[in-house]
Amino acid sequence: MDLTMLNENQKLGVTTTKGPVLILAGAGSGKTRVLTYRAAYLIEQGVNPYNIMAITFTNKAASEMRSRIDQIVGHGSSAIWVATFHSTCVRILRRFADRIGYDTNFTIYDADDSKKLCKEVLKKLDIDSKLYPEKRCLSEISSAKDELVGYEKYLADVHDYGDDDTIARVYREYQIQLKENNAMDFDDLIMLTVELFKKCDDVLKGYHERFQYVMVDEYQDTNTAQFELIKLLAGGSNNLCVVGDDDQSIYKFRGANIYNILNFEDTYEGATVIKLEENYRSTPNILNVANAVIKNNIGRKDKSLWTEADEGEKVRFSRCDSAYEEAEKIVGDIDKMARLKKYSYGQSAILYRTNAQSRILEEKLIQETIPYRIIGGINFYARKEIKDLISYMKVISNPKDDLALLRIINVPKRGIGQTTINKIQDYAWGNNISFNEAMNKADKISSLSKATATKVTKFAKLLNELSEFSEKKPPSDLLERIIEETEYVELLKNEKTEEAKARIENIDELVSKVYMYEERANDEGEEISLDNFLAEVSLVADIDGYEDSDEVVVLMTLHSSKGLEFPNVYIPGMEENLFPSGRSLGGPDEAKELEEERRLCYVGITRAEERLTLLSSAMRPMRGQINYNAISRFVKEIPKDLLDGNVWEPTNNKDKEPVKISDMFSNHSRKPVAAQKYSAKNFGSKINKQPLSYEVGDRVKHFKFGEGEVKLINDGGRDYEVTVDFDDVGTKKMFASFAKLTKV
DNA sequence: CACAGGTCTCTTTTT
DNA sequence: GAGACCTGTG
């Protein structure tokens with residue numbers, strides 16, 4: 001296999017296949033490249049793809065990895081287990097959940113569902129939600145699960161310290177309810193899989209046999225539960241390769257434990273440690289700024305990124321009077337760059353600390369009719385109409401899911417209100433049957449009027465019919481039938497409002513998503529099932545929908561931007577109280593929290609390939625109020641000479657008279673930066689596009705696919721894309737420098 | 001039972 | 001500024 005376009009350390013990362021390996025990969029150092037080559041290398045060494053596992057955090061990262069492996073080896077990566085932590089666990093639990101007391105058709109609860117359930121628990125336990133808000137309870141429960149602390153242990157620990165056991169009681173009841181509903185929340189998926197492995201040795205052994213080589217991406221983001229999961233999974237062969245960057249650990253609030261990566265060598269004795277410090281993404285000017293900021297963190301693994309790229313443009317900073325002006329500058333600049341053909345809309349990105357910042361930017365973009373896309377905010381699947389219809393499907397898939405059932409029992413309105421629900425619930429409890437069963441016996445519930453009982457019976461009958469229907473038909477047919485029976489779209493049409501129109505469009509999109517799911521499952525030879533579709537839907541991340549080929553400006557949070565890169569980046573809101581977030585300031589753990597914010601800043605800066613603009617505003621509307629914020633300390637950590645213009649006075653910490661950058665709109669002549677050459681879209685390296693030894697019509701040989709005829713050669717600029725019709729495996733498209741075809 | 005209109009609170013990041 | 005929650009009315 002040709003490894004010539006890897007640097008020495010990258011090569012080491014690819015070829016050190018035995019035992020534990022830690023790859024400390026700085027931003028833009030080609031870590032995905034190493035992982036994908038590693039997988040390809042293993043296959044070439046004769047390892048069955050079936051025995052390889054790669055775990056990521058987002059679906060986007062997973063599918064990207066799969067397609068990149070495909071690009072290198074042509075095809076054959078489909079047998080590799082490439083999946084996110086959560087979908088990995090779902091796949092495992094769908095087979096074995098019955099071993100730990102759940103049905104295998106369990107439902108997955110999203111944050112919304114969890115909140116609702118928690119609210120019910122508080123009500124049931126008669127706990128004042130003013131003193132114990134759901135939010136606090138849920139975050140405590142979530143942290144406990146991230147640390148693999150079940151409610152028994154949580155309760156015991158609390159009692160040991162003689163503390164208030166309220167939250168422990170909530171945790172217990174919450175967990176009991178989940179089980180009764182045959183549901184799991186996000187954290188359960190990981191925790192329960194670990195529990196399964198610890199309890200059922202035979203199950204674990206089975207996976208040990210399968211997973212001979214395990215790789216984990218973004219290892220710095222793993223929490224204790226995920227750490228344990230990996231340890232268990234890789235425990236058979238101990239061929240574990242983790243890739244990460246402690247400087248990019250930004251998910252502490254989600255339980256991420258930075259010590260998982262910092263102490264890797266202690267956990268896995270004899271681990272090989274490989275550092276990747278050469279950056280192939282950004283200009284020196286950008287890297288210097290990134291390094292200047294991150295060096296203020298203590299307790300990090302010492303490293304410093306460097307690059308051979310040309311210096312490039314200076315990083316720019318602009319202090320604005322208002323958030324409005326900030327937006328104006330950004331949008332004006334994006335527009336100008338596009339007009340000057342320096343950066344197209346698709347090459348520009350706006351990254352911010354909080355989702356709330358997107359609104360004002362969006363308004364401005366609409367005003368200037370610039371195409372854009374906002375990642376995050378309100379998740380598609382969190383919309384009312386979508387949740388309603390999905391809830392129908394959930395009830396069909398898992399009749400025990402009372403949460404979903406209660407959501408739709410009166411949607412659309414069928415005259416079943418809270419009073420009726422209470423009466424059914426009482427009957428269910430009194431007779432020790434489920435809510436669903438009670439509904440089916442509505443005529444026996446004496447407290448219900450005849451008219452009401454009829455309504456309930458009618459609804460119960462509808463569900464039964466749908467359930468029977470779904471046994472014979474695929475999810476798409478079920479959804480269409482639900483829409484028909486409930487007249488959901490009909491009712492919206494009658495409203496004749498813009499809002500209703502948008503909702504109908506969303507429903508149409510949901511329908512096509514179901515069809516897309518079925519098509520894909522079909523292609524990949526997976527079983528098409530309602531359960532699988534619903535699981536997939538529950539586990540989509542905002543970023544999964546992002547296509548970098550779209551020619552639009554993207555807006556997203558700094559968190560979502562991790563792993564991405566853009567030639568032209570804007571980071572507005574560089575202000576104290578916003579970034580770093582006010583929540584990180586003034587607490588007992590301020591120093592630690594600030595370090596996390598700083599890492600987030602580092603992530604943001606290192607997203608930029610060529611041009612980076614930081615902005616800050618003196619006035620900013622926050623929580624419906626105007627806030628006056630000082631310039632972010634992170635900006636002040638950047639030596640002045642690294643920034644464009646004398647833009648702030650480091651000695652004047654009142655920030656009252658920030659100097660505005662005058663040439664914000666002026667005509668910068670962009671130096672021909674090395675980005676074309678170094679952008680990681682080209683696999684982050686100097687590609688040596690060599691002349692081909694074959695041409696269209698020639699017979700060629702591929703190390704894996706055997707012989708075939710060249711059908712088409714496409715000059716893609718940095719590499720040739722070759723289409724070959726192989727004798728055995730059919731037509732494949734591949735990059736010449738990866739495929740290493742030889743003329744025969 | 002449904003809905004409108006008022007008041008209240010809480011605001012980070014997300015699989 | 002949005003969302004949840006409460007209350008009064010038809």
Side-chain angles (χ1 to χ4, degrees), chain A residues 55-62 83-90 108-112 114-116 119 123 129-130 133-136 138-139 142 145-146 184-191 218 221-223 225-226 249-256 351-360 375-379 381-382 384 409-423 449 451-452 455 535-544 556-562 573 577-585 587 593 596-597 599-601 603-604 620-627:
Chain A
I55 296 197
T56 62
F57 272 86
T58 65
N59 296 300
K60 182 178 188 295
T84 66
F85 272 100
H86 290 87
S87 53
T88 292
C89 290
V90 171
I108 300 161
Y109 277 3
D110 63 20
D112 236 42
S114 296
K115 200 174 154 199
K116 265 206 183 121
K119 200 177 287 176
K123 214 158 84 191
S129 64
K130 290 258 168 14
E134 300 107 62
K135 246 187 141 173
R136 183 176 151 216
L138 283 171
S139 92
S142 173
K145 288 180 177 179
D146 289 345
M184 300 182 188
D185 66 17
F186 286 140
D187 304 308
D188 279 340
L189 295 175
I190 317 280
M191 182 174 80
E218 306 279 17
D221 290 334
T222 51
N223 60 36
Q226 288 158 338
S249 166
I250 55 172
Y251 282 108
K252 186 155 160 257
F253 70 93
R254 211 165 66 184
L351 312 177
Y352 36 74
R353 177 68 241 264
T354 66
N355 279 308
Q357 288 170 257
S358 67
R359 254 202 64 197
I360 199 157
I375 311 291
I378 327 133
N379 188 311
Y381 294 102
K384 185 188 177 299
I409 194 166
N410 203 29
V411 177
K413 307 248 176 307
R414 43 174 80 85
I416 306 177
Q418 195 55 52
T419 333
T420 309
I421 292 171
N422 290 345
K423 285 174 185 168
S449 74
T452 316
K455 288 179 199 164
E536 210 164 288
V537 158
S538 306
L539 297 177
V540 288
D542 296 327
I543 198 67
D544 294 340
M556 67 180 92
T557 62
L558 289 154
H559 280 90
S560 295
S561 75
K562 189 154 61 101
N577 233 352
L578 178 61
F579 193 24
S581 151
R583 296 271 300 230
S584 65
L585 268 25
E593 304 230 13
E596 174 125 335
E597 294 283 314
R599 288 192 290 269
L600 187 57
C601 183
V603 166
R620 180 174 302 276
M622 287 167 98
R623 317 156 204 168
Q625 263 186 334
I626 301 267
N627 275 41

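In what follows, chains are A, B, ... by sequence order, proteins preceding strands, each numbered from 1.
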Original post:
So A:His559 and A:Tyr251, would you call those rings parallel, tilted or perpendicular, with 30° and 60° as cut-offs?
Top reply: tilted
Subject >> A:His86 and A:Phe186 aromatic ring geometry - parallel, tilted or perpendicular at 30°/60° bounds >> reply: perpendicular
Under 3.5 Å, N/O pairs linking protein and nucleotides 6-8 of chain C:
none

List for me each residue that meets salt bridge (Lys or Arg N to Asp or Glu O under 4.0 Å) alongside [X], sequence neighbours excluded, and say none if there are none.
X        : result
A:Asp110 : A:Lys387
A:Asp187 : none
A:Arg359 : A:Glu363

**OP:** Tell me what A:Ser538 touches on the nucleic acid: a base, only sugar-phosphate, or nothing, going by heavy atoms under 4.0 Å.
**Re:**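 Result for A:Ser538 = nothing.
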**OP:** Between B:dT11, C:dG1, C:dA4, spot the one nearest the side chain of A:Lys115, thanks.
**Re:**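 Of the options given, the side chain of A:Lys115 lies nearest C:dA4.
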Using atom [atom1] of [X] as one end and atom [atom2] of [N] as the other, report the distance to the nearest whole Å.
X        : N     : atom1 : atom2 : answer
A:Ile421 : B:dC1 : CD1   : P     : 8 Å
A:Ile409 : B:dC1 : CD1   : P     : 11 Å
A:Lys116 : C:dA4 : NZ    : P     : 9 Å

Is [X] reaching over with its side chain to a backbone N or O of [Y], donor-acceptor style, under 3.5 angstrom?
X        : Y        : result
A:Asn422 : A:Thr419 : no
A:Asn410 : A:Lys413 : no
A:Ser142 : A:Ser139 : no
A:Ser584 : A:Ser581 : yes
A:Asp146 : A:Ala225 : no

Original post:
Can you tell me if the side-chain N/O atoms of A:Lys119 get under 4.0 Å from OP1 or OP2 in C:dA4?
Top reply: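 The answer is no; no side-chain N or O of A:Lys119 sits under 4.0 Å from OP1 or OP2.
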Original post:
Side-chain N or O of A:Lys135 less than 4.0 angstrom from OP1 or OP2 on B:dT9?
Top reply: no
Subject >> Rounded distance in Å between the P positions of B:dT13 and C:dA4 >> reply: 16 Å
List every contact pair, protein side and nucleotides 2-5 of chain B side both N or O, where the distance is under 3.5 Å.
unit_1: B:dA2; atom_1: OP1; unit_2: A:Asn410; atom_2: ND2; d: 2.9
unit_1: B:dA2; atom_1: OP2; unit_2: A:Asn410; atom_2: ND2; d: 3.3
unit_1: B:dC3; atom_1: OP2; unit_2: A:Lys413; atom_2: NZ; d: 3.3

Original post:
Is the closest side-chain donor-acceptor distance between A:Thr557 and A:Ser560 under 3.5 Å?
Top reply: yes
Short N/O separations, protein against nucleotides 13-15 of chain B, under 3.5 angstrom:
unit_1: B:dT13; atom_1: OP1; unit_2: A:Asn355; atom_2: N; d: 2.9
unit_1: B:dT13; atom_1: OP1; unit_2: A:Asn355; atom_2: ND2; d: 3.1
unit_1: B:dT13; atom_1: O4'; unit_2: A:Arg353; atom_2: NH2; d: 3.3
unit_1: B:dT13; atom_1: O2; unit_2: A:Arg353; atom_2: NH2; d: 2.7
unit_1: B:dT13; atom_1: O2; unit_2: A:His559; atom_2: NE2; d: 3.2
unit_1: B:dT14; atom_1: OP1; unit_2: A:Thr557; atom_2: OG1; d: 3.1
unit_1: B:dT14; atom_1: OP1; unit_2: A:Ser560; atom_2: OG; d: 3.3
unit_1: B:dT14; atom_1: OP2; unit_2: A:Asn355; atom_2: ND2; d: 3.4
unit_1: B:dT15; atom_1: O4'; unit_2: A:Arg254; atom_2: NH1; d: 3.4
unit_1: B:dT15; atom_1: O3'; unit_2: A:Phe57; atom_2: O; d: 3.2
unit_1: B:dT15; atom_1: O3'; unit_2: A:His86; atom_2: ND1; d: 3.3
unit_1: B:dT15; atom_1: O2; unit_2: A:His86; atom_2: NE2; d: 3.1

